[in-house]
Amino acid sequence: MPHRTTEERVAAITALRKMRLTGADIALAMGMPASTVSGVLMRIGLGKLSRLEPIEPANRYERARPGELIHIDVKKLGRINQVGTA
């Protein structure tokens, strides 16, 4: 692509993103259109700030027996003889 963003600018955008700047802040700092910065960030896989940090593993518990943590709520309900009378 003849007018593709240079690798030096992509490296600078990556460095600024790793400093947790938003796309608009990066565009303002580099004097580039926000749409160009957004396209570059999407292309390198940093479109979301959450992509900078690894995903935390799910908090899983292991129990000795299956069904060890089952909890059942029991509530006695009154008998309703007729509907609509006070």
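Quick caveat, the model's predicted, so the values are computed rather than measured.
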pair R51-R17: side-chain heavy atoms closer than 4.5 Å | no

Side-chain donor-acceptor pairs of residues 29-48 under 3.5 Å, sequence neighbours excluded:
none

Side-chain donor-acceptor distances from residues 4-16 under 3.5 Å, at least two apart:
| residue | atom | partner | partner atom | Å |
| --- | --- | --- | --- | --- |
| T6 | OG1 | R9 | N | 3.4 |
| T14 | OG1 | V10 | O | 2.8 |

